[in-house]
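Below, all heavy atoms of this structure are taken into account, side chains as well, without hydrogens, waters or symmetry copies. All chains are named by letter (A, B, ...) in the order of the sequence lines, taking the proteins before the strands, and each is independently numbered beginning at 1. Fair warning: this is a prediction, and the values are worked out from it, not measured in the lab.
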Amino acid sequence: MSWFKRVKEGITTSTEDKKSVPDGLWHKCPRCKKAVTTAEHEANQFVCPGCNYHDKIGSKEYFELLFDESNYTELFANIYPTDPLEFKDTKDYKSRLADSQKKSGMTDAMRVGTGTIQSFPIVIACMDFNFIGGSMGSVMGEKIARAIDYGRENKMPVMVISKSGGARMMEAAFSLMQMAKTSAKLALLAKDGIPYISLLTDPTTGGVTASFAMLGDFNIAEPEALIGFAGPRVIRETIGKDLPKGFQSSEFLLEHGFVDMIVNRTNLRSQLGQLLSLLANKPLVKPEVE
Amino acid sequence: MAYFDFEKPIEELELQLENIKKTADKNKLDLTASVFELQEKIEKAKQDIYSNLTGWQRVQISRHTDRPYTLDYVEHVFTDFIEMHGDRNVKDDKAMIGGIARIGDQSVMVIGHQKGRNTKQRQMRNFGMANPEGYRKALRLMKLAEKFNMPIITLIDTPGASPGLEAEERGQGEAIAKNLLEMSVLKVPVICVVIGEGASGGALGIGIGDRVMMLENTWYSVISPESCSSILWRSWEHKEKAAEALKLTAKDMLKNGLIDGVIPEPLGGAHNNPEKMYQTLKDSLQNMIADLSKLSCEKLIETRIGKFSKMGSYTEL
Ligand SMILES: [Zn+2]
């Protein structure tokens with residue numbers, strides 16, 4: 001508990017008996033430094049009870065949080081990345097992929113799941129930031145495309161959860177064309193009149209923002225996420241001065257008219273249930289008891 | 001004419017040729033044979049150099065300040081151009097131009113990024129980096145073309161979409177995204193040609209077409225070699241390596257199935273013989289319009305979406 005001892009006296013935590021919790025089971029908020037048990041942190045959807053900081057979570061956590069009884073079927077799990085350009089910078093892309101796969105246990109930076117939210121069927125494609133920064137390569141493009149096809153075939157709403165630095169440079173123009181591919185597929189989904197929900201989480205930038213992430217019938221953002229096309233560093237270098245506070249935040253995008261609403265992760269499931277029930281023109285079957 | 005480093009042998013031979021011509025004039029000598037020999041050497045040197053260009057060398061040619069820009073093609077390939085302005089919302093973006101024109105006897109909508117040739121023009125054109133209103137103006141013109149059943153031709157030449165406070169405030173990402181979606185379902189033929197630089201989303205934002213072509217000495221990728229170098233190698237020094245790694249040349253892009261064709265440039269690049277370049281592009285555009293006009297709008301859209309849907313490289317186990 002060495003790091004925990006350094007926390008100032010008087011810090012409030014919702015835990016009654018800190019001493020009974022073994023080492024390593026504490027989570028300290030990277031922003032306000034408030035400490036809670038990892039169990040509490042997880043129960044609160046990885047949101048800090050002190051300052052509402054939304055910790056980055058992956059597809060598994062989102063699926064378990066959103067789907068009824070945390071029950072879902074993973075789709076298209078056997079699509080693997082290749083190295084079409086035999087790309088090599090300081091390291092070759094093949095070993096980058098192998099390392100990331102080993103570390104994360106995933107094939108690439110996206111998983112697709114289908115199930116129900118408050119009894120309404122939905123297919124969700126969700127990014128994993130811990131796999132090469134959630135960067136968009138061919139696998140991500142193909143999985144989103146197939147999720148959209150699946151939504152069209154089964155007449156169910158499609159949702160994409162974005163958490164990505166943008167394009168995957170090691171797939172160069174292949175990566176760029178995933179923007180075209182996913183947007184074209186969304187045009188077909190729109191023609192069928194099937195709802196598309198885009199959830200923008202921290203961070204959502206680059207080619208992801210300039211394609212499917214901004215094309216939602218409903219653009220929903222988590223609080224205080226970084227959302228933008230150009231990265232803050234590039235803009236700062238271009239204009240030669242510091243960026244205003246809150247620039248490119250979810251709140252900034254709401255103010256400028258590019259997201260419909262900001263939803264706390266702890267309310268996300270019930271908000272989506274309500275939205276899906278309205279879109280289906282059906283009552284909410286089970287009022288949420290959480 | 002400014003020479004690139006890799007054109008040194010050509011520059012030296014051309015200097016020799018000039019000197020021989022001067023000597024012949026001054027001394028009233030008949031040096032026809034030597035002149036002829038040198039001219040052949042120059043031609044051969046050009047062929048050698050230009051058939052073996054590296055990615056970075058093509059990037060340099062694509063940025064040559066004497067290369068024809070969008071408005072040069074508009075003037076020499078098309079007739080009766082009427083320029084249209086504004087996105088009907090915020091302002092007129094001078095980095096993105098467009099209007100109605102004729103190619104042969106066919107009315108078309110021409111849209112393209114516009115760079116500037118001198119400092120003042122470069123500022124006015126924002127170095128060919130469009131803002132959201134530029135992409136929205138482009139889409140407005142494309143929807144007009146659809147309404148009046150005119151083929152659309154876009155000319156791509158940008159170092160990227162403009163990064164800045166106002167661009168973000170007005171939704172650069174949304175503007176480009178919307179174009180990708182809307183262009184994929186346009187009911188008229190869409191032909192896109194990279195005439196210089198094709199950088200990232202800023203290029204793709206007017207780049208969804210039934211035919212996506214690249215002039216021989218242009219580049220198209222997800223990022224410029226310089227930025228790629230600074231991110232992956234953490235230094236600007238590796239731009240040559242980055243240019244190779246990105247496989248950004250027309251030849252590579254065609255090989256990877258990411259574009260539909262390469263339009264040859266005159267020997268030495270488009271700027272060496274603009275007239276020839278205009279004629280080649282005009283012929284190519286007219287052929288493509290003729291081919292695409294045979295297709296129904298349903299077939300056009302189906303084929304266009306089908307083409308982009310197939311792009312990518314992955315395995316399924
Ligand atoms: Zn906190």
Side-chain angles (χ1 to χ4, degrees), chain A residues 78-85 87-90 108 137-139 141-142 145 167-181 183-188 190-191 205-207 209-215 227-231 234-235 238-239 243-244 247-248 252-253 256-258, chain B residues 160-165 167-185 198 200-205 207-208 220-223 227-229 231-234 238 241-242 245-248 252-253 256 258-259 301 304-305 308-317:
Chain A
N78 55 349
I79 303 176
Y80 287 77
T82 62
D83 177 18
L85 305 175
F87 197 96
K88 188 170 186 293
D89 47 270
T90 51
D108 205 304
S138 300
V139 171
E142 181 64 16
R168 185 173 292 171
M169 254 174 286
M170 294 76 91
E171 291 191 27
F174 280 101
S175 168
L176 181 68
M177 294 307 163
Q178 303 313 305
M179 295 166 65
K181 173 172 175 168
S183 304
K185 288 284 184 184
L186 284 174
L188 296 175
K191 273 194 171 172
T205 57
T209 304
S211 58
F212 52 87
M214 272 294 155
L215 291 172
I227 304 167
F229 173 66
V234 173
I235 300 173
T238 308
I239 65 172
L243 304 177
F247 182 67
Q248 295 184 311
F252 174 92
L253 268 88
H256 286 91
F258 292 99
Chain B
S162 185
L165 296 180
E168 295 294 317
E169 271 173 18
R170 296 199 284 265
Q172 187 70 284
E174 193 272 347
I176 292 171
K178 182 94 178 276
N179 281 19
L180 305 184
L181 188 148
E182 295 286 347
M183 287 185 82
S184 63
V185 285
S200 195
L204 193 66
I208 310 298
Y220 194 4
S221 196
V222 74
I223 192 167
S227 302
C228 179
S229 162
I231 294 171
L232 293 182
W233 281 270
R234 309 207 175 272
H238 301 273
K241 260 192 263 172
L246 287 168
K247 306 279 193 302
L248 44 60
D252 286 323
M253 288 292 283
N256 288 326
L258 300 174
I259 58 164
I301 295 170
R304 192 186 303 144
I305 292 182
F308 284 99
S309 298
K310 280 208 272 299
M311 291 181 185
S313 169
Y314 54 87
T315 52
E316 212 165 349
L317 302 177

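For A/A180, the parts lying near chain B are the backbone and the side chain together; criterion is any non-hydrogen pair under 4.5 Å. Both the backbone and the side chain of A/Y80 have a heavy atom closer than 4.5 Å to some heavy atom of chain B. With a 4.5 Å cut-off on non-hydrogen atoms, B/M183 does not touch chain A at all. B/I223 touches chain A through its side chain: at least one heavy atom from C-beta onward sits under 4.5 Å away, while N, CA, C and O do not. Contacts between A/L188 and chain B at a heavy-atom distance below 4.5 Å involve the side chain alone, from C-beta outward. The contact between A/I239 and chain B is made entirely by side chain atoms (from C-beta outward), counting heavy-atom distances below 4.5 Å. With a threshold of 4.5 angstrom between heavy atoms, B/L204 approaches chain A through side-chain atoms but not through N, CA, C or O. Only the side chain of A/T238 has a heavy atom closer than 4.5 Å to any heavy atom of chain B. For B/K247, the part sitting under 4.5 Å from any heavy atom of chain A is the side chain, from C-beta outward, and nothing else. Heavy atoms of B/I208 lying under 4.5 Å from chain A belong exclusively to its side chain. Residue contact with chain A, scored on non-hydrogen atoms closer than 4.5 Å, involves the backbone of B/R170 exclusively. Heavy atoms closer than 4.5 Å to chain A are found in both the backbone and the side chain of B/S313. Of the atoms belonging to A/L215, it is side-chain heavy atoms, and not backbone ones, that fall under 4.5 Å from chain B. There is no contact between A/F212 and chain B, counting heavy-atom distances below 4.5 Å. Looking at B/I231, the atoms closer than 4.5 Å to chain A (heavy atoms on both sides) all sit in the side chain, from C-beta outward.
When the candidates A/G137, A/A145, A/A187 are compared by the number of heavy-atom contacts under 4.5 Å with chain B, A/A187 comes out ahead. Annotation: maximal heavy-atom pairing with chain B below 4.5 Å, among A/I227, A/V234, A/D89, A/V139, occurs at A/D89. Of the residues considered (B/G201, B/G171, B/A167, B/S227), B/G171 shows the highest number of contacts with chain A, using heavy-atom pairs under 4.5 Å. The candidate from A/A184, A/G141, A/P81 with the greatest count of non-hydrogen atom pairs under 4.5 Å with chain B is A/A184.
For the residue pair A/F174 and A/S138, the shortest heavy atom distance occurs at CB-OG, 3.9 Å. Contact record, B/S184 with A/S183: OG-O, 4.4 Å, taken as the closest heavy-atom pair. In terms of heavy atoms, B/I176 sits closest to B/G205 at CG2-CA, 4.0 Å. Closest heavy-atom contact between A/Q248 and A/A230: NE2-O, 2.9 Å. The shortest non-hydrogen separation linking B/S221 to B/L248 is CB-CB, 3.9 Å. Of all non-hydrogen atoms in B/G164 and A/F247, the two that sit nearest each other are O-CZ, 4.3 Å.
For the pair A/E142 and A/D108, the minimum side-chain heavy-atom distance is 4.5 Å or more.
Among B/I259, B/L258, B/V222, the one residue that satisfies the side chain to side chain contact (heavy atoms under 4.5 Å, CB included) test with A/M177 is B/L258.
The backbone N or O of A/P84 sits nowhere less than 3.5 Å from a side-chain atom of A/E171 that would complete a donor-acceptor pair.
Ring geometry, B/W233 versus B/H238: the interplanar angle falls under 30°, so the pair is classed parallel (tilted spans 30 to 60°).
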